[in-house]
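Index from 1, following the sequence.
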Amino acid sequence: MADPKGFLNHGREVARTRPVDERVRDWNEVYVPGSLLPIISKQAGRCMDCGIPFCHNGCPLGNLIPEWNDFAYREDWSAASERLHATNNFPEFTGRLCPAPCESACVLGINQPAVTIKNVEVAIIDKAWESGSVAAQAPERLSGKTVAVVGSGPAGLAAAQQLTRAGHTVAVYERADRIGGLLRYGIPEFKMEKRHINRRIEQMRAEGTKFRTGVEIGRDIDAAKLRKRYDAVVVAAGATVSRDLPVPGRDLNGIHFAMEYLPLANKVQEGDYVAPPLTARGKHVVVIGGGDTGADCVGTAHRQGAASVTQLEIMPRPGDDRAPGQPWPTFPMLYKVTSAHEEGGERVYSVSTTHFEGDEDGNVQFLHLVEVEFTDGKLTQKPGTERKIPAQLVTLAMGFTGTDQENGLVAQFGLALDARGNIARDGDFHTNVPGVFVAGDAGRGQSLIVWAIAEGRSAARGVDRFLTGASDLPSPIRPTDRALTV
């Protein structure tokens, strides 16, 4: 144990954020640079090194949290980085973007605020990059086997890095113009600056991984031909089909999926545009969907100078504390105030959109909604609660329904789907097509970044076994594993 009395002597303290009026004028990460290091040793010292560390169960990667907490407490950053990388290829991604189910499962969280596991994680990896201790790990010898990875999100990148280090020749195909998938174009710069992706890509290139951007499997290259070209293929194409809202007025101008809106803002930061083709500037913005993607739209609209921002959620407002039906160590549904919500706007719960109203030119002007409630498990509208709110830009952030099938990838490979419409796979992440594997949201459905990385690592082991007959690569999860819930 790092500090036997750490959790008694020190309360929970998290990274400080920059003042709202400062950060909404730029796109840099919201946290005060360097604010973690002065406090992180004491925060890591709050870890109790439990006999049964339930944080391991909360994290699908099986991160060795008590071990790197101990090293961080002692400020042995090199050892902490080694323990961190032992289970996670990209801790700077998860340390910034993961909702931290590990903290929900922290034993300390039974009766007081949990250890700041995410903050410790990101402090360790940022210190490791700063000190130059994150180096390329090229394989000692090549296997002579080739692997194509379709998709460069966290699952695809994790699978590619694991397989490259195992000695296989790996090429990653990405249909966008840059590597990173939703990490690149779905996550705003203020949540994770893209320099973190760029330096990982350079590390992977130094290890031997090849990258092919602007190539969509199914359209630019026939999937069946790709299979013949490589000894194995990993499909990590994500679940990119956005859930739509089929109500009257949906076809009005100014109503867009979140993944039509967010990438354009990110492309400005990449230097592709001086100003985004789709902007919230001066408009009344309504975001439909109360999750993380919705919050990303809220923060983006603030930085673009929206006249107002309203976020709608069909479900009731979650509580501030664990509900009786969501006991420790499960991941609870709690009321969460993100950095974007701190910056302003209104959040409206228990409402449903009935229709949109436009002007004579076909541009959306108002959104009509009604209050709803759940009765006997059914959603019902409350009479007399109808109203309309101004809406000149509407973003639909209601989640994703599955992997893209219109591009021909699924059909050309001949992949079987499961009952939920995801690509089916066996215990080794192997699909019904010999030599074709699936990892991440394409097989699991919409999930968290930490599950995507775990899937990529586990699928890599399945591929390695297929190619060589055995594998020493880790496999933290099975395809059927799910988050710890009740």
Taking every non-hydrogen atom, the tightest pair across A160 and M204: CB-CE, 3.9 Å

Got a donor-acceptor contact below 3.5 angstrom from the R457 side chain to the A158 backbone? no

Checking Q162 against N89: is there a side-chain donor and acceptor pair closer than 3.5 Å? yes

Please walk me through it: do D26 and R18 pass salt bridge (charged side-chain N to carboxylate O under 4.0 Å, His left out)? CA-CA 11 Å; D26 62 45; R18 296 185 291 131; 2.8 Å; yes

Salt bridge (charged side-chain N to carboxylate O under 4.0 Å, His left out) assessment of E29 paired with K191: CA-CA 6 Å; E29 290 182 7; K191 284 182 67 175; over 6 Å; no

Do side-chain atoms of T431 reach the backbone of V436 as a donor and acceptor pair under 3.5 angstrom? yes

Polar side-chain atom of N63 near backbone of I65 as donor-acceptor pair, under 3.5 Å: no

Taking the six-membered ring of F190 as reference, does the cationic atom of R303 (NZ for Lys, CZ for Arg) lie under 6.0 Å from its centre and within 45° of its axis? yes

With a 4.5 Å limit on heavy-atom distance, are the side chains of F71 and V120 in contact? no

Between the side chain of N266 and the main-chain N/O of Y185, is any donor-acceptor distance below 3.5 Å? yes

Within the side chain of T380, is there an N or O that forms a donor-acceptor pair under 3.5 Å with the backbone of E373? yes

E313 side chain to G290 main-chain N or O, any donor-acceptor pair under 3.5 Å? yes

Hey, are D441 and Q446 close enough side-chain-wise for a donor-acceptor pair under 3.5 Å? no

Is the distance between the ring centroids of F466 and F437 under 6.0 Å? yes

With no hydrogens and no angle check, just 3.5 Å: does a side-chain donor-acceptor pair link R74 and N69? no

So which heavy atom on D428 is nearest to which on D426, and how close? N-OD1, 2.8 Å

Would you check if the side chain of E174 reaches a backbone N or O of S152 as a donor-acceptor pair within less than 3.5 Å? yes

Has I52 got more than 12 heavy atoms of other residues, nucleotides or ligands less than 6.0 Å from its CD1? no

Do the non-hydrogen side-chain atoms of L157 and I201 ever get within less than 4.5 Å of each other? yes

Give a yes or no on whether the ring-centroid distance for F93 and H196 is below 6.0 angstrom. no

Do T293 and F257 have side chains that approach each other closer than 4.5 Å (heavy atoms only, starting at C-beta)? no

Does the salt bridge (charged side-chain N to carboxylate O under 4.0 Å, His left out) test come out yes or no for R184 and E270, once each step is laid out? CA-CA 10 Å; R184 174 73 65 179; E270 296 282 2; 2.9 Å; yes

Nearest heavy-atom pair of H168 and V147: which atoms, and what distance? CB-CG2, 4.2 Å

Can we say E343 and R23 salt-bridge, meaning some charged N sits less than 4.0 Å from an Asp/Glu carboxylate O? yes

Where do H85 and Q137 land on the side chain to side chain donor-acceptor pair (under 3.5 Å) test, with the steps shown first? CA-CA 12 Å; H85 281 103; Q137 301 177 34; over 6 Å; no

So, the side chain of S458 versus the backbone of I477: is there a donor-acceptor pair under 3.5 Å, distance only? yes

Test E193 against R96 for salt bridge (charged side-chain N to carboxylate O under 4.0 Å, His left out), laying out the working first. CA-CA 10 Å; E193 295 170 9; R96 287 173 167 81; over 6 Å; no

Test: R12 and E103 ion pair at under 4.0 Å: yes

How about F211 and Y173: do any of their side-chain heavy atoms sit closer than 4.5 Å? no

Just checking, is any N or O donor in the side chain of T94 or E121 under 3.5 Å from an acceptor N or O on the other one? yes

Is it possible for you to check whether R317 lies under 6.0 Å from the centre of the six-membered ring of Y335, through NZ or CZ, and within 45° of that ring's axis? yes

Can you see whether S339 engages T17 through a side-chain donor-acceptor pair at a distance of less than 3.5 angstrom? no

Worked check of side chain to side chain donor-acceptor pair (under 3.5 Å) between Q304 and Y261: CA-CA 12 Å; Q304 291 179 341; Y261 173 61; 2.6 Å; yes

Could you go through D404 and T240, starting from their C-alpha distance and side-chain angles, then the distance that decides it, and tell me whether this counts as side chain to side chain donor-acceptor pair (under 3.5 Å)? CA-CA 6 Å; D404 186 358; T240 58; 5.1 Å; no

